[in-house]
Structure formats: structure tokens, C-alpha cells
Amino acid sequence: MAAIDRAPTGVADATLREALATARRAVVFTGAGVSTECGIPDYRSPGGIWTRYRPVAFADFLASADMRREFWRRKFATHETIAAAVPGRGHRAIAALIARGVVSCVITQNVDGLHQRAGVAEDRVVELHGNTTYARCLECGRRYALAPIRRAFLAAGTLPECAECGGLVKTATISFGQTMPAAEMRRAEAASLACDLFLVVGSSLRVQPAAGFPLLAKRAGARLVIVNREPTPLDGYADQVLQGEIGPLLGAAAGVG
Ligand code: ZN
């Protein structure tokens, strides 16, 4: 049974510092909790954005122009919050740990791109649910900036299509009903199996298949530490559970203000 340590206390910081100091190839796994301190709401929480703007399922997006219009209307209704957000102390702490070589990569359920904006190289971020800060062609994968798409959509309701192949263009997120990205799933699995410390930060660990990675790491012999404001279903499997605010806890442990 895991020892549960309710922060803030120096004990929690010390536990985390010790875990990071003894790790040789740690992996950090992040969820909404690392970004809520940056003003990005937890979409799935009761009363969250998804209650008002229920996401368009992938099959519906493919099925009709009307649903694609609805998809982009909802996207741009909530776009400003993410566009205006800046990385928080938790993001900066993780970026510092990667820069020091303590952490090999960050696996994230978030789509806000804030790990990269905190300075983590793209090839060190595994985005299980994609990225909402840019778009891609669903056919050929070409990447598109959102600003021109937004301008054309708001001015004339124009739906974006690929200049290269004519395919449908959508935010680079994984929508409901869309296949999980194979390359990212493989990278996350490999990182989970290879790490000696698996540090969960700000995830409720309720969304599958993402929530399977901590157990995969644990069964392969890694130490499992969970840092979250609320209890998670995997707390009983963890070596340490730290409940508290993400930014202060992680910042203090990593020596990042
Ligand atoms: Zn294309």
C-alpha cells in the first residue's frame, strides 16, 4: 500500500527530490492538472468546457460539412484560452529536469503544447491525444498554422482543406472515435518499459488507454510516484502518492521558482 503524503509539507518535497535524485531514466506522465494553474480548464471535469461544447466525434467530422463547421465553431470559441496560456511552474520544472538529463521524456494527455513552449524539444514530448495548437491534413499529414484557418473561417465560414492533396484539415488532436496515434503509443510504451521512475503529475488516471502506462512501468520494475490534487484509481499501486498543488510541489523538488 502506498504511503500517502498530503502536501504542502517539506516531507513531500523531500520525497520527490529523493525520487528524482536516485532515478537514472525517469519518465514524467502529465494530465490536465499540470495546466489548470495556467488557466486551462480540465475539459472533462463536471461543468468543464466539454459540458457546454461537447466535442464533435471523429465519424461526424468526416460525415458532413455541417459537422466540420460545428467542429471549427467550437474550436474557435475556446481557442483564446489556450492561445493566451503560458507554461506554469510545473511545466518549467519538467523542462528543467529534462534539460538536466534526469527525465528522458514527458508523456502527456494534454493537447495544449505547453511542454514544448516551456522549452522541451518536440522529440521529448509524447502527445497521446495530439495537439490543438495547430492543424493537419487527415490524408497526407501536412501541418497547418491555425491563424489563417481561423481568419478564413470567421470571415466567410470557409472550411480548411489541404493545399497539397485536397484532404480534410482538422486540429492535430485525437478526437473521440479517432484511432490513437500508433507511433506515440509505441513511444510511450517503450519509455514506460525502460524507465526506473514513472512520475505521474496532475492526471486523474481515468482515461484509457493512457492510464495503462503507469501500471506497465510498475510491472516492469519502475518506482511509481503519483502527484495529484485528488486520489486516483492507481494510488494503491504507487510507491508514493503526493497530494497537493502541482506547481509548488514539482517546482520545489526541481529547484525551479
Ligand atoms: Zn493533404
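Counting starts at 1 for both ligands and their atoms, following the listed order.
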Validation: residues 24-32 side-chain donor-acceptor distances under 3.5 Å, sequence neighbours left out:
unit_1 : atom_1 : unit_2 : atom_2 : d
R25    : NE     : A194   : O      : 2.3
T30    : OG1    : T108   : OG1    : 2.7
T30    : OG1    : H115   : NE2    : 2.9

**Prompt:** Can a donor-acceptor pair be found between the side chains of R124 and Q116 at a distance below 3.5 Å?
**Reply:** no
**Message:** On a heavy-atom basis, which atom in R89 and which in E37 lie closest, and how many Å separate them?
**Reply:** N-OE2, 3.0 Å
**Message:** Donor-acceptor pair, distance only, cut-off 3.5 Å: does the side chain of R92 make one with the backbone of G257?
**Reply:** yes
**Prompt:** Looking at T179, L138, T173, which hits side chain to side chain contact (heavy atoms under 4.5 Å, CB included) with F58?
**Reply:** L138
**Prompt:** With under 30° as parallel and over 60° as perpendicular, where do the rings of F76 and W72 fit, or are they tilted in between?
**Reply:** parallel
**Asked** What protein N/O/S atoms sit under 2.8 Å from the Zn ion (ligand 1), by chain and number?
**Response** C137 SG, C140 SG, C162 SG, C165 SG
